Amino acid sequence: MLRNTVDSWGTLAKLLHWLIALLVFGQLALGWAAVLWRLSPLKLDLFVLHKSFGLVVLVLMLPRLLWRLLNPTPVLPAAMPRWQRQAARASHGLLYLLLLLLPLSGWVLSSAADIPFRMFWLWPLPALVAPDEAVEDAAATLHLVLVVLLGLVLSAHVGAALWHHYRLRDEVLVRMLPGRTRKR
């Protein structure tokens with residue numbers, strides 16, 4: 001089933017969710033390694049990979065957002081309190097926003113630092129802004145703040161999914177797992 005239903009996420013939503021999740025966790029590791037690594041050709045390669053996969057996340061977020069807007073969202077459990085429903089909606093919206101803003105802030109950072117960039121060493125990308133040290137510093141700070149915020153929201157997201165699965169024993173997590181569907 002390609003499309004979402006009121007009971008489950010569709011195949012495309014699941015594919016995009018798990019692919020982006022894998023990329024994001026890889027991005028966190030790559031970014032951390034690139035920042036901490038000593039200056040060397042490997043450090044530069046780590047940054048190229050980090051930036052390249054960041055742009056892949058940005059590109060994948062566009063169809064994911066469109067698909068989310070054009071498809072029904074599975075209903076939340078009837079027993080879920082209103083505040084939790086609102087928190088779930090808000091955290092999903094924040095995740096989408098962060099996954100769009102993080103790659104863009106990184107791109108602005110590279111542009112302002114006047115660092116030419118070729119995605120996966122192949123495709124040159126244009127600078128989004130002119131070289132500017134103040135913009136570079138602001139973009140670096142913003143990128144770091146967004147990463148920390150993403151870590152917090154992801155922790156809540158994963159924690160809530162596990163809470164629903166292991167404590168409440170409802171279908172919230174199961175309906176996002178590959179190959180699993182629930183029918184009424």
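None of the values given here were measured: they were computed from a predicted structure. Throughout, residue positions are numbered sequentially from 1 according to the sequence presented.
The closest side-chain heavy-atom distance from Met1 to Ser8 is below 4.5 Å. Side chains of His17 and Trp9 form no contact here, defined as non-hydrogen atoms less than 4.5 Å apart. Residues Leu100 and Leu62 meet the side-chain proximity criterion, which asks for heavy atoms closer than 4.5 Å. Within the 4.5 Å cutoff, no side-chain heavy atoms of Leu142 are placed close to those of Leu101. Considering only heavy atoms from C-beta on, Trp32 stays 4.5 Å or farther from His50 through its side chain. By the 4.5 Å heavy-atom criterion applied to side chains, Met176 and Trp18 are counted as neighbours. Considering only heavy atoms from C-beta on, Ile115 stays 4.5 Å or farther from Phe47 through its side chain. Between Phe117 and Met119 the shortest side-chain heavy-atom distance falls below 4.5 Å.
Considering CG of Leu99 and CG of Leu104, their distance stands at 11.0 Å, rounded to 0.5 Å. In this structure, CG in Asn71 is found 10.0 Å from OG1 in Thr5, a value given to the nearest 0.5 Å. To the nearest 0.5 Å, the span separating CG on Leu94 from CZ on Arg89 amounts to 15.5 Å. In this structure, NZ in Lys14 is found 15.5 Å from CG in Leu19, a value given to the nearest 0.5 Å. With rounding to the nearest 0.5 angstrom, the CH2 atom of Trp123 is 11.0 Å from the CZ atom of Arg118. Atoms CG and OG, on Leu146 and Ser105 in that order, are 5.0 Å from each other to the nearest 0.5 Å.
Using a distance-only test at 3.5 Å, with no hydrogens or angles considered, a donor-acceptor pair links the side chain of Arg85 to the main chain of Pro77. With hydrogens and angles ignored, the 3.5 Å screen pairs no side-chain donor or acceptor of Lys43 with any backbone N or O of Arg38. Looking at Arg64, its side chain never comes within 3.5 Å of a backbone N or O of Ala13 through a donor-acceptor pair. The backbone N or O of Pro72 lies less than 3.5 Å from a partner atom in the side chain of Asn4, making a donor-acceptor pair.
Leu97 and Leu69 fall within the same hydrophobic cluster, defined by Ile, Leu, Val, Met, Phe, Trp and Tyr side-chain heavy atoms under 4.5 Å apart, directly or through other members. The cluster map of Ile, Leu, Val, Met, Phe, Trp and Tyr, joined by side-chain heavy atoms under 4.5 Å apart, puts Leu49 and Trp37 in the same cluster. No chain of hydrophobic side-chain contacts below 4.5 Å, direct or via other Ile, Leu, Val, Met, Phe, Trp or Tyr residues, connects Leu28 to Leu36. Placement of Tyr96 and Ile20 within a single hydrophobic cluster is found when ILVMFWY residues are connected by side-chain heavy-atom separations under 4.5 Å, directly or transitively. A chain of hydrophobic side-chain contacts below 4.5 Å, direct or via other Ile, Leu, Val, Met, Phe, Trp or Tyr residues, connects Leu122 to Leu46.
With a 6.0 Å radius and a threshold of 12 heavy atoms from other residues, nucleotides or ligands, Gln86 has its CD atom above the threshold. Crowding of Trp83 atom CH2: a count of heavy atoms from other residues, nucleotides or ligands under 6.0 Å not exceeding 12.
Between Gly106 and His143 the shortest heavy-atom distance is N-ND1, 3.4 Å. Of all non-hydrogen atoms in Glu136 and Leu109, the two that sit nearest each other are O-CD1, 3.4 Å. For the residue pair Ala127 and Ser111, the shortest heavy atom distance occurs at CA-OG, 3.3 Å. Nearest heavy atom pair, residue Val129 against residue Val108, reads CG2-O, 3.8 Å. The two atoms that bring Pro126 and Trp107 nearest to each other are O-NE1, 2.9 Å, heavy atoms only. For the pair Leu23 and Val56, the tightest heavy-atom approach, listed with the atom from each and the gap, is CD1-CG1, 3.7 Å.
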Inset, instruction - Check the pair Val48 / Leu44 against side chain to side chain contact (heavy atoms under 4.5 Å, CB included), numbers first and verdict last. - result: CA-CA 6 Å; Val48 169; Leu44 300 177; 5.6 Å; no
Inset, instruction - Could you go through the side chain to side chain contact (heavy atoms under 4.5 Å, CB included) check for Leu102 and Val57 one step at a time? - result: CA-CA 9 Å; Leu102 264 163; Val57 169; over 6 Å; no
Inset, instruction - Determine, step by step, whether Phe25 and Gln27 satisfy the side chain to side chain contact (heavy atoms under 4.5 Å, CB included) criterion, reporting the C-alpha distance in whole Å, the side-chain angles of both residues, the deciding distance to 0.1 Å, and the verdict. - result: CA-CA 5 Å; Phe25 284 107; Gln27 279 296 87; over 6 Å; no
Inset, instruction - Run the numbers on Leu55 and Leu58 for side chain to side chain contact (heavy atoms under 4.5 Å, CB included), then give the verdict. - result: CA-CA 5 Å; Leu55 290 171; Leu58 179 62; 4.1 Å; yes
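In this view, Phe120 and Phe53 satisfy the ring-ring contact (aromatic ring centres under 6.0 Å, His included) rule, not counting sequence neighbours. Remark: His157 pairs with His92 by the ring-ring contact (aromatic ring centres under 6.0 Å, His included) rule, at least two apart or across chains.
The cationic atom of Arg3 (NZ for Lys, CZ for Arg) lies less than 6.0 Å from the six-membered ring centre of Trp67 and within 45° of the ring axis.
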